[in-house]
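Let me begin by presenting the structure, written as structure tokens, before commenting on it.
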Amino acid sequence: MTISQDKVVAIHYTVTDTAGNQLDSSAGGEPLVFLFGHGALIPGLEQALIGKNSGDKFTSSIAAADAYGERHDQLVQSVPKNMFEGMDVEVGMRFRASGPDGREQPVIIVDVTEEEVVVDGNHPLAGIELSFDVEVVLVRDATEEELAHGHVHGLDGHASH
């Protein structure tokens, strides 16, 4: 069975940056199981999986634009430290902040001075080309319930409780 829209897919993966630094991996753990074509993956990896079968192993380089997007300098902003009144803020902390359009977006603190806190709304992997080593573990038809819910209910289609 080949990977296509609405198939349940399970993969093992290891992702590295262009310098070969491992960023994430499912090796030694459970495979990543998802409903294909429903936005569970970055676009470039989803594209690379189309037409693959259970047992296939491959490597795919994914451009930043097809991964977590390009970096946008306007998403890095300095805000007055008093906006964090009563909080002990540190570099690396993550928050949800309201953007100019009123929508919430995740931000990470990248610098703290006496007067200001610099936050970055870019995804931590924005602007980075990624390489995925992938093994397709399973491809199966989704159940009617999985399709109705828009997500997978386990490797075999049954939710474990």
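All values reported here derive from a predicted model rather than from experimental measurement.
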Starting from the C-alpha separation in whole Å, work towards a yes-or-no answer on side chain to side chain contact (heavy atoms under 4.5 Å, CB included) for Val137 and Leu155.
CA-CA 10 Å; Val137 177; Leu155 271 176; 5.6 Å; no
Intermediate values then yes/no, side chain to side chain contact (heavy atoms under 4.5 Å, CB included), Arg71 and Asp120:
CA-CA 10 Å; Arg71 283 196 57 78; Asp120 186 347; 2.7 Å; yes
Please walk me through it: do Ile3 and Asp56 pass side chain to side chain contact (heavy atoms under 4.5 Å, CB included)?
CA-CA 11 Å; Ile3 296 175; Asp56 286 353; over 6 Å; no
Given the rule in the side chain to side chain contact (heavy atoms under 4.5 Å, CB included) test, do Val117 and Phe95 qualify, once you have shown the distances and angles that lead to the verdict?
CA-CA 12 Å; Val117 174; Phe95 293 92; over 6 Å; no
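Closest heavy-atom contact between Glu90 and Met93: N-SD, 3.0 Å. Scanning all heavy atoms of the two residues, the minimum distance from Gly29 to His12 falls at O-CE1, 3.1 Å. Here the closest non-hydrogen pair linking Ala64 and Gly127 is CB-C, 3.5 Å. Taking every heavy atom of both residues into account, Ser61 and Glu129 meet most closely at CB-OE2, 3.8 Å. Across all their heavy atoms, Glu70 and Ala126 have their closest contact at O-CB, 4.0 Å. Closest heavy-atom contact between Arg94 and Pro124: NH1-CG, 3.6 Å.
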Quiz: residues 4-11 side-chain donor-acceptor pairs under 3.5 angstrom, not counting sequence neighbours:
from: Gln5; atom 1: NE2; to: Gly37; atom 2: O; distance (Å): 3.3
from: Asp6; atom 1: OD1; to: His38; atom 2: NE2; distance (Å): 2.6
from: Lys7; atom 1: NZ; to: Asp141; atom 2: OD1; distance (Å): 2.4

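Placement of Val107 and Val112 within a single hydrophobic cluster is found when ILVMFWY residues are connected by side-chain heavy-atom separations under 4.5 Å, directly or transitively. Under the 4.5 Å side-chain heavy-atom criterion for ILVMFWY residues, no single connected hydrophobic cluster contains both Val139 and Val33. When hydrophobic clusters are built by joining Ile, Leu, Val, Met, Phe, Trp and Tyr residues whose side-chain heavy atoms come closer than 4.5 Å, directly or via intermediates, Val152 is not grouped with Val136. When hydrophobic clusters are built by joining Ile, Leu, Val, Met, Phe, Trp and Tyr residues whose side-chain heavy atoms come closer than 4.5 Å, directly or via intermediates, Phe58 is not grouped with Leu138. One hydrophobic cluster, built from ILVMFWY side chains closer than 4.5 Å, holds both Val134 and Ile50.
The environment of Asn53 atom CG is dense: over 12 non-hydrogen atoms of other residues, nucleotides or ligands sit within 6.0 angstrom. More than 12 heavy atoms of other residues, nucleotides or ligands lie within 6.0 Å of CZ in Arg96, so this atom counts as buried by the packing criterion. Summarising the local packing, CD of Gln74 is surrounded by more than 12 heavy atoms from other residues, nucleotides or ligands at distances under 6.0 Å. Residue Gln22 places its CD atom among more than 12 non-hydrogen atoms of other residues, nucleotides or ligands, all under 6.0 Å distant. The number of heavy-atom neighbours closer than 6.0 Å to CE of Met83, taken from other residues, nucleotides and ligands shown, is 12 or below.
Of the N and O atoms on the side chains of Tyr13 and Asp24, at least one donor lies less than 3.5 Å from an acceptor on the other residue.
Residue Val118 belongs to a hydrophobic cluster whose other members are Val76, Ile108, Val110, with links defined by side-chain heavy atoms closer than 4.5 Å.
Considering only residues two or more places apart in sequence or on other chains, Leu23 meets the side-chain contact (heavy atoms from CB on, under 4.5 Å) condition with Val15, Asp17, Leu125, Leu130.
When atom types are taken as modelled, the side chain of Glu146 and the backbone of Thr143 share a donor-acceptor pair closer than 3.5 angstrom. For Asn122 (side chain) and His72 (main-chain N/O), a donor-acceptor pair under 3.5 Å exists by modelled atom type.
Put simply, the side chain of Ile42 reaches to within 4.5 Å of the side chain of Tyr68, judged on heavy atoms.
For the side chain to side chain contact (heavy atoms under 4.5 Å, CB included) test with Ser131, the passing option among Ile62, Thr18, Thr16 is Thr16; the others fail.
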